[in-house]
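What follows is one structure encoded as structure tokens, with my remarks underneath.
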Amino acid sequence: MAEKQIIARFAPSPTGYLHVGGARTALFSWLLARHAGGKFFLRIEDTDLARSTEQATVQLLDDLRWLGLHWDNAELIYQSKRTPIYNAIIERLIAEGRAYKAYETREELDTLRKEAEKQKRTFIYRRPQLTEEQIRGFESEGRPSVVRFAVPVKDYSYRDVVLDKEVTMPAGQVQDFVIRKADGMPTYHFAVVVDDAETGITHVLRGQEHLLNTINHIALQQALGYPQPIYGHLPVIENPDGSKMGKRDRDKMVRQRSQTWMKTFRKSVDELAAACGLSSARLVEWINDSKKQLDFSEQAVVMQAIGLPESDLPEIMVHDFRKKGYLREGFLNFLSLLGWNPGGDRERMSVDELVQLFSIEGIGKSSAKFDRAKLLAFNTDTAASMPAEKLVGSLRSYLAVNPGSPLNHASDADLRKIIEMKRGFRTLRELDETTRLFFIADADIQYDPAAIEKVLKKNDGFAILGDIHGILVDVADWSAAELEKRIEEFCQQKQLQLGKVAQPIRVAISGTTVSPSIFQSMEFLGRDRTLKRIEQCLALGSKAN
RNA sequence: GGCCCCAUCGUCUAGAGGCCUAGGACACGGCCCUUUCACGGCCGCGACGCGGGUUCGAAUCCCGCUGGGGUCACCA
């Protein structure tokens, strides 16, 4: 019998930007498929009409493309567009008596659950024995209903390939779960089983939160006669404090800060709602229920209203890392090591090497904390090992999500130059910030008062700068080498250390104490702009005196 | 709380009974390089959660405890 081709998938729900956990799930599934020469499918699980947005889907795809995790299905699958297919199967199950309508309201279920909790027993939902009359009654009063799957009561188990262990659920714990919601949409549990089967998925790698859900899925597969894919549940990625790193953390932070804001300024939720232009009902619901989340645009207006800057939020979105100037190659390498390793001391790997080395056996069982310092180190190494040509492309991609950067005006040739000039940089953002002095107008240089004080007002900084200006106007060959030669001569003559001269020039042309090599910087700026900046800086000195 | 999963330096981990005086990477400390910021080089600090077994021998196997996490939705 021929080996079956591996078909893996990533099935996110579009409720916001792609977060680190999701990205790792996508990466592992993608690696699994690519390693085996199989297929990798992408499916949009948007059965939650209230939380799913078109914008989130666009963002998700954009992040996945940036990471280079390309999918093989030409047509994207949207679950929301497949309701007739799900309904046909659900109707069949109902007709066969293997699924049924349930009429309890959320409140009634809540009460039942609380009662069970009080009696310290687990609430298990099993099919209630309704009479024909009761059902007619519910229907005629127009009671909304859900459809539940009548899970055959027996022991279930499956082998988890990540834990390398049997996961079991005894008969006493199975319960009838909802497969179609009152709004007519299938639940995740139902749609996922149907779609995985229909697209021939052979391997499912997903977060550990699904460990027990899988039992439900298996019960459904058995009822529908579907094959059972191989399941592996990935360990959780944690924040540095040990809590789960997920999209909820951001929301949690925004909620907390909103509460402090209301306390500090003695404002009500209504006033907060008014301040950010959201309905107060929506906001009240969100503030009081930690399970509710704002979508991205709502989050943004609330943050603005309470003055919570983006930079205060923990970076957990792939988009944030892209925006902060991380390279996809280093990010992927770092991400891959969160819960996986090829064995031995191997750590730095290209994407191709990851594909080559990946295996399910290499996935760990314990949770991992997300260490930004290590990510930074990976990024630095990745940048150092990339050819300038390729980095120009990465930089363009970075600039696309940082439209405010002056580097957007630079030519590819100039970007190349600054990349070589700043070799050793840690992030593209750092490269951006330390080289933007080349791409802004001379008049727009912001002189940092602390730099002026420390470098120019002390140690005869202004005087030295004046002398240097006198020398520079006479330099005919405006090259880094020639400039270096002339300034070294000056240092010799005056018995000065190079630093005493270089720093004043640096502040004059950049406004700060940090810039690329001073000689290369002057060459890049050119004679006129360099002299102009020194002059405008000297003017600052005479004004101050 | 019930059920479930996990457990090696601060962090990510190597380790599948003797190769372990426990290896690597990041972080941290020191030194060197240096016109700033970085980069780079060298050195150092630093862990098998605890208690019982099994074995000639345990980080590795078993049990208990402890700790951490997940999950208990008409969210995925």
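Residue numbers begin at 1 in each chain, while the letters A, B, ... track the order of the sequences.
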Practice problem: To the nearest Å, give me how far apart CZ (A:R429) and P (B:A38) are. | Solution: 17 Å

Self-check item: Position toward the 5' end of RNA chain B (nearest nucleotide), A:A368 or A:E166
Solution: A:E166

Self-check item: Inter-nucleotide P distance (B:C61, B:G15), Å rounded
Solution: 13 Å

Exercise. Specify the separation, in whole Å, of atom CD of A:Q503 and atom P of B:U34.
Key: 16 Å

Quiz item: Between B:C6, B:A14, B:C37, which nucleotide has the shortest distance from any of its atoms to the side chain of A:N341?
Solution: B:A14

Quiz prompt | A:R506 and A:Q503: side chain donor to acceptor below 3.5 Å | solution = yes

Quiz item: How far, in whole Å, is B:C42 from B:U35 if one measures between their C1' atoms?
Solution: 24 Å

Practice problem: Could you let me know what B:C3 is paired to, Watson-Crick or G-U wobble, both distances under 3.5 Å, or none if it's on its own? | Solution: B:G70

Exercise. Please give the nucleotide sitting opposite B:U55 as a Watson-Crick or G-U wobble pair, both distances under 3.5 Å, or none.
Key: none

Quiz item: Should B:C42 form a Watson-Crick or G-U wobble pair with both distances under 3.5 Å, which nucleotide is its partner?
Solution: B:G30

Quiz item: Taking atom P of B:G67 as reference, at what distance in whole Å does atom CD of A:E238 sit?
Solution: 16 Å

Exercise. Establish, yes or no, whether the cationic atom of A:R148 lies under 6.0 Å from the six-membered ring centre of A:Y125 and within 45° of the ring axis.
Key: yes

Quiz item: With a 4.0 Å cut-off on heavy atoms, is A:V146 in touch with a base, just the backbone sugar-phosphate, or nothing at all?
Solution: base

Exercise. Classify the side-chain pair A:T512/A:D448 by whether it contains a donor and acceptor separated by less than 3.5 Å.
Key: no

Self-check item: Nearest-neighbour nucleotide for the A:E209 side chain, B:C74, B:C6, B:U71 considered
Solution: B:U71

Exercise. Find the distance A:E484:CD to B:U34:C1' and express it as a whole number of Å.
Key: 13 Å

Exercise. Between B:G64 and B:C74, how far apart are the C1' atoms? Round to whole Å, please.
Key: 42 Å

Quiz item: From the list B:C74, B:U36, B:C12, which nucleotide is the closest neighbour of the side chain of A:A182?
Solution: B:C74

Quiz item: Watson-Crick or G-U wobble partner for B:G64, using a 3.5 Å limit on both distances?
Solution: B:C50

Self-check item: Separation between the P atoms of B:G17 and B:U60, rounded to whole Å
Solution: 12 Å

Practice problem: Under 4.0 Å between any heavy atoms, over every strand shown, what does A:T168 touch: base, sugar-phosphate, or nothing? Just pick one. | Solution: nothing

Quiz item: Is any side-chain N or O of A:K365 under 3.5 Å from a base N or O of B:C5, one able to act as donor and the other as acceptor?
Solution: no

Quiz item: Taking the same atom, P, in B:C5 and in B:C62, what whole-Å distance lies between them?
Solution: 13 Å

Exercise. Please work out if A:S515 contacts a base, only the sugar-phosphate, or nothing of the nucleic acid, heavy-atom cut-off 4.0 Å.
Key: base

Self-check item: Sugar-phosphate, base or nothing in reach of A:E430, heavy atoms under 4.0 Å
Solution: sugar-phosphate

Quiz prompt | Pairwise C1' distance, B:A7 and B:C48 [rounded to whole Å] | solution = 10 Å

Practice problem: Verify the distance criterion only: is there a donor paired with an acceptor across the side chains of A:Y398 and A:R429 at less than 3.5 Å? | Solution: yes

Practice problem: Could you check A:T25 against A:R206 for side-chain hydrogen bond (donor to acceptor under 3.5 Å, both in side chains), going step by step and ending with a plain yes or no? | Solution: CA-CA 6 Å; A:T25 303; A:R206 43 160 59 147; over 6 Å; no

Exercise. For A:I518, report the nucleic acid contact type (base, sugar-phosphate, nothing); a contact means any heavy atom under 4.0 Å.
Key: base

Quiz prompt | Per-nucleotide protein contact string for nucleotides 17-28 of chain B (B base, S sugar-phosphate only, - none; heavy atom under 4.0 Å) | solution = ------BBBSS-

Quiz item: With sugar-phosphate meaning primed atoms plus P, OP1 and OP2, does A:H233 contact a base, only sugar-phosphate, or nothing at under 4.0 Å between heavy atoms?
Solution: nothing

Practice problem: Classify the nucleic acid contact of A:E108 as base, sugar-phosphate or nothing, counting any heavy atom under 4.0 Å across all strands shown. | Solution: nothing

Quiz prompt | Watson-Crick or G-U wobble partner of B:U36, both distances under 3.5 Å | solution = none

Practice problem: Measure from the side chain of A:V236, starting at C-beta and using heavy atoms only, and say which of B:U35, B:A76, B:G69 lies closest. | Solution: B:G69

Quiz item: Just checking, any donor-acceptor pair under 3.5 angstrom between side chains of A:D176 and A:Y100?
Solution: yes

Quiz prompt | Candidates B:C6, B:C37, B:C75 - which lies nearest the side chain of A:V514 | solution = B:C37

Quiz item: In whole Å, what is the span from the CZ atom of A:F149 to the C1' atom of B:A73?
Solution: 19 Å

Practice problem: Please check the phosphate of B:G10 (OP1 and OP2 only) for any side-chain N or O of A:K369 closer than 4.0 Å. | Solution: no

Exercise. Look at the side-chain N and O atoms of A:S366 and state whether any lies under 4.0 Å from the OP1 or OP2 oxygen of B:C5.
Key: no

Quiz item: Does A:K81 count as lying over the ring of A:Y78, i.e. NZ or CZ under 6.0 Å from the six-ring centre, within 45 degrees of the axis?
Solution: yes

Practice problem: Counting heavy atoms from C-beta on, name the nucleotide in B:U11, B:C5, B:A7 closest to the side chain of A:K165. | Solution: B:C5

Quiz item: Between A:N379 and A:T427, is any side-chain donor less than 3.5 angstrom from a side-chain acceptor?
Solution: no

Exercise. For A:R506 and B:A38, give me the distance from atom CZ to atom P, rounded to whole Å.
Key: 12 Å

Quiz item: Between the side chains of A:H189 and A:H217, does any donor sit under 3.5 Å from an acceptor?
Solution: yes

Self-check item: Between B:U35 (P) and A:F519 (CZ): distance, integer Å
Solution: 9 Å

Quiz item: Given the P atoms of B:G49 and B:A22, what is the spacing between them in whole Å?
Solution: 15 Å

Quiz item: Expressed as a whole number of Å, how far does the P atom of B:A25 sit from that of B:C63?
Solution: 36 Å

Self-check item: Comparing A:P516 and A:L109 on RNA chain B - which has the more 5′ nearest nucleotide
Solution: A:P516

Quiz item: Contact class for A:G364 vs. all strands (heavy atom < 4.0 Å): base, sugar-phosphate, or nothing?
Solution: nothing

Quiz prompt | Presence of A:R148 side-chain N/O under 4.0 Å of B:C74 phosphate oxygens OP1/OP2 | solution = yes

Self-check item: Atom-to-atom span, CG of A:N213 to C1' of B:C75 - whole angstrom
Solution: 10 Å

Self-check item: Side chain of A:L211 - closest among B:C5, B:A38, B:A7
Solution: B:C5

Exercise. May I ask you to establish whether A:R372 and A:F370 are in a cation-pi arrangement, using a distance under 6.0 Å from NZ or CZ to the six-membered ring centre and at most 45° from the ring axis?
Key: no

Quiz item: Between the side chains of A:E329 and A:T382, does any donor sit under 3.5 Å from an acceptor?
Solution: no

Quiz prompt | Complementary nucleotide of B:A25, counting Watson-Crick and G-U pairs under 3.5 Å | solution = B:U11

Quiz item: OP1, OP2 of B:C74 versus side-chain N and O of A:R113: anything below 4.0 Å?
Solution: yes

